[in-house]
Amino acid sequence: MQQILSAGSLIAGRFEIEKLVNNGALGQIYKASDKERGQAIGMRIIPRSLLSDTDIDIIKRRVPQAAALVHRNIRATYGMGVDKAGFVFIAVEWIDGHNLKTLLKKRTAAGKRFSFKGAYNIVGHLCNALTYIHESAYHGGLSPRAIMVNDAGRVKIQDIALSTLRITKPDYAGRQTVESAYWAPEVLKDATSASSASDIYSLGAIFYEMITGAPPTRPLKAPSQLGFSREVDNIIARCMSADPRQRYRTAQEVKEAISALAKDQAAPKTVVDAAGAAGAALDDELGIDIDIDLSGLTTENVTTIPQGVAGAPVAAPPSAHPAGSMLSAPGLPPPPADAAKTSFSASSGTDDRVSTIDMAALMARFGQAETARWMVQKDKFDHGPFSDRELVQMIMQGEVLGHHILLDMDTGVRKKVRAWNDFEDFLEAWRLKKKKMDEEAALQRTEKAETRGIVFKLVIGLSVLGAIGLAIGGYFLSRQLREEKELGPEELIAAFDSGEMKLKMGTGKPGGGGGAKGKAGGRRGSKGGGGGKDGEFVPGMSYEEAMAMGVNLGSAKSAAGQRQLTAGDIDSIMNKNVRKFLPCMSGESTKRVDMNIAVAGDGSVIGVTVSQGSPKLKSCVTSVVRRIKFPASNAPRTATSWFFEIY
């Protein structure tokens with residue numbers, strides 16, 4: 001295809017073309033400069049002759065959906081328009097890097113391969129992105145071409161706005177190439193059947209090629225024939241099942257399945273590829289960074305698309321395609337239609353103040369906001385680094401508060417968040433938002449209490465004497481029976497379920513004592529305990545050994561989540577599993593059990609120490625705790641304690 005635009009061409013009076021980067025089946029990719037923001041962007045130019053009116057309707061429907069997806073592992077989509085010169089343009093985030101298809105070719109040519117763990121480092125981030133996408137949408141046309149890895153190792157899914165068009169157009173060149181081998185069979189048969197399940201198929205196909213070095217064309221050779229375990233065969237087979245109902249339900253399930261094998265999966269230094277030839281040496285030199293990038297474009301002369309609730313339908317645009325029009329969605333936090341202002345008001349009758357925050361103006365203070373330069377100190381541990389927009393998002397969610405310490409790694413300045421003038425308005429917005437949430441919660445509790453009070457009074461009025469008599473008699477009878485008879489495991493569970501036996505439980509301060517806060521973090525390079533080498537956690541460690549181990553803060557396991565594990569998370573998970581501890585108490589005189597727990601970033605338990613009871617009781621409780629799965633977090637490990645007591 002002949003070059004459509006020359007250097008210096010101006011689009012929509014704002015975007016100046018710098019150079020042609022790529023020539024593809026759906027137009028050309030240029031590097032351009034946003035003259036209003038002074039930042040580089042990617043610009044896809046598609047000749048109008050390649051698109052029907054239906055095709056443009058598809059693009060206009062998908063661009064707002066793609067623009068609303070703001071995630072560290074998704075290439076940002078800014079907007080689109082139809083130029084009077086006869087082409088459609090789509091503005092996206094500029095990335096210095098290559099797509100996964102190119103990387104696979106280069107590594108093969110250089111005699112290098114991805115190891116199982118190296119492939120997981122990339123696939124794990126793809127799972128993170130798909131988990132987020134599937135809350136409200138799907139990709140549909142995922143392949144190595146649709147995955148970017150920038151020069152710093154950051155993995156991002158791209159082309160969400162065009163994926164539907166690629167799988168829908170019968171004349172799209174990818175249908176006649178190996179690209180279609182990554183698409184689910186139901187998509188090839190009927191593009192309208194694309195779903196999250198079809199993305200799971202594509203994910204398995206990509207993982208297959210990364211570990212085997214061969215494209216996922218039929219018939220597939222089992223990875224176990226190439227030096228991998230049978231468990232790897234099962235993962236690939238389930239992902240790439242012809243029946244969507246037989247695949248993993250979520251991308252998170254795929255990630256957990258691969259993660260469970262990544263630590264112990266052994267593969268030969270050379271493997272035999274799918275064609276039967278000796279493969280190249282395994283290599284993990286591609287460092288994968290999980291920094292977040294939430295920068296976006298804001299304009300005054302475009303139609304704004306606010307980010308709605310996940311799963312909410314996006315209104316279809318009009319069928320006409322006026323020249324020069326552009327749809328846009330800025331980065332977080334999204335401004336509404338009225339001059340990009342968001343208001344937070346306190347609902348209390350004694351505080352009528354309203355804090356009006358111009359998010360676009362505030363975020364403009366930070367420039368492009370792409371560099372991860374902020375470290376947050378919480379609970380004596382450093383977390384980060386975070387970009388400007390990620391830090392703002394954490395403040396607006398109450399995860400970073402005014403008394404936390406903030407370090408600017410570019411300048412070395414360290415002070416409390418409230419002392420940074422740039423974040424004052426965001427802190428105030430969160431304060432008012434939190435106050436409103438607390439007042440609403442208090443109102444709900446009051447209403448529930450009043451309702452329960454009315455019902456209680458009615459019941460008491462009808463049967464006060466009988467109820468009291470039965471309750472007192474039942475209590476003393478059950479207590480006497482418990483004291484006279486030693487209960488077995490099943491009897492303990494039955495007594496708990498019937499209410500005859502009561503439990504008190506809750507979190508405490510790691511190491512024993514009161515409090516309800518866990519500690520998160522890890523030390524680089526530290527040694528100690530009976531753990532493994534080079535910061536590797538090994539099964540059977542105690543709490544003290546796990547917390548003394550060094551932690552590789554750049555590993556996919558230690559950065560599995562995007563939030564911190566809280567005392568509420570610990571309480572919720574442990575309370576749900578409390579019945580599993582009851583059989584351990586059979587025949588024991590101890591009524592209270594305290595335990596210290598170390599949780600890895602992926603939510604698995606890596607260390608447990610039980611304080612009270614016989615060796616049998618401690619062993620039983622430890623075994624139960626090790627099988628519990630907590631939510632993933634952004635800390636390499638989290639220390640907490642928990643107790644339960646029979647009374």
Quiz item: Where do T640 and L565 land on the side-chain contact (heavy atoms from CB on, under 4.5 Å) test, with the steps shown first?
Solution: CA-CA 10 Å; T640 189; L565 196 61; over 6 Å; no
For [X], give me all partners under salt bridge (Lys or Arg N to Asp or Glu O under 4.0 Å), at least two apart in sequence or on another chain.
X    : answer
D497 : R579
K106 : none
K504 : E645
R230 : D233

Checking [X] side chain against [Y] main chain: does a donor-acceptor pair fall under 3.5 Å?
X    : Y    : answer
R75  : I157 : no
S202 : Y182 : yes
E545 : S542 : yes
S572 : G568 : no
R247 : A197 : yes
S604 : A600 : no
N577 : K580 : no
R592 : I646 : no
T609 : Y543 : yes

Restricting to non-hydrogen atoms, name the atom on [X] and the atom on [Y] that form the minimum distance, rounded to 0.1 Å.
X    : Y    : answer
M240 : P216 : CE-CB, 4.0 Å
S633 : T638 : OG-OG1, 4.1 Å
N99  : P144 : CB-O, 3.9 Å
A429 : M396 : CB-CE, 3.9 Å
N73  : A129 : O-CB, 3.5 Å
S586 : P489 : OG-CD, 3.5 Å

Exercise. Tell me, with the steps shown, if M595 and V621 meet side-chain contact (heavy atoms from CB on, under 4.5 Å).
Key: CA-CA 9 Å; M595 63 198 77; V621 171; 3.7 Å; yes
Exercise: do [X] and [Y] side chains pair donor with acceptor under 3.5 Å:
X    : Y    : result
T250 : Q252 : no
D388 : W374 : yes
S623 : R627 : yes
D199 : H134 : yes

Practice problem: Describe, in one word, how the ring planes of F426 and F423 are oriented to each other, choosing from parallel (under 30°), tilted (30 to 60°) and perpendicular (over 60°). | Solution: tilted
For [X], all residues meeting side-chain hydrogen bond (donor to acceptor under 3.5 Å, both in side chains), sequence neighbours excluded:
X    : result
S619 : none
Q612 : D594
D96  : W94
K434 : D438

Exercise. Go through the steps to decide whether E399 and K378 satisfy the test salt bridge (Lys or Arg N to Asp or Glu O under 4.0 Å), and finish with yes or no.
Key: CA-CA 10 Å; E399 297 179 11; K378 299 170 58 176; 6.0 Å; no
Quiz item: Applying disulfide bond (SG atoms under 2.5 Å apart), which residue pairs with at least one partner in residues 602-647 are found, sequence neighbours left out?
Solution: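 Of all non-adjacent pairs touching residues 602-647, those that pass disulfide bond (SG atoms under 2.5 Å apart) are C584-C620.
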Quiz item: So L617 and V610, side-chain contact (heavy atoms from CB on, under 4.5 Å) or not? Walk me through it.
Solution: CA-CA 9 Å; L617 172 61; V610 180; 5.7 Å; no
Self-check item: Worked check of side-chain contact (heavy atoms from CB on, under 4.5 Å) between S136 and L69
Solution: CA-CA 9 Å; S136 59; L69 299 173; 3.9 Å; yes
Exercise. Using the six-membered ring of Y248, assess whether NZ or CZ of R238 lies under 6.0 Å from its centre and within 45 degrees of the ring axis.
Key: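 Verdict for Y248: a cation-pi partner in R238.
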Exercise. Salt-bridge test for E256 and K629: reply yes if a basic N is under 4.0 Å from a carboxylate O, no otherwise.
Key: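 No salt bridge links E256 with K629.
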Self-check item: side chain to side chain donor-acceptor pair (under 3.5 Å) between D569 and T566, worked out
Solution: CA-CA 5 Å; D569 295 328; T566 66; 3.2 Å; yes
Quiz item: For Y201, which residues count as a ring pair (Phe, Tyr, Trp, His ring centres under 6.0 Å) partner, sequence neighbours excluded?
Solution: none
More than 12 heavy atoms of other groups within 6.0 Å of [X] [atom1]:
X    : atom1 : value
K616 : NZ    : no
Q397 : CD    : yes
R249 : CZ    : no

Self-check item: Pairs satisfying ring pair (Phe, Tyr, Trp, His ring centres under 6.0 Å), at least one member in residues 579-631, at least two apart
Solution: F581-W642, F581-F644
Exercise. Report the residues that fulfil disulfide bond (SG atoms under 2.5 Å apart) with C239, sequence neighbours left out, ordered by chain and then residue number.
Key: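 With sequence neighbours excluded, C239 shows a disulfide bond (SG atoms under 2.5 Å apart) to no residue whatsoever.
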Quiz item: Does the ring centre of F207 sit less than 6.0 Å away from the ring centre of F114?
Solution: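 No, ring centres 6.0 Å or more apart.
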Self-check item: Separation of H139 NE2 from L126 CG (nearest 0.5 Å)
Solution: 10.0 Å
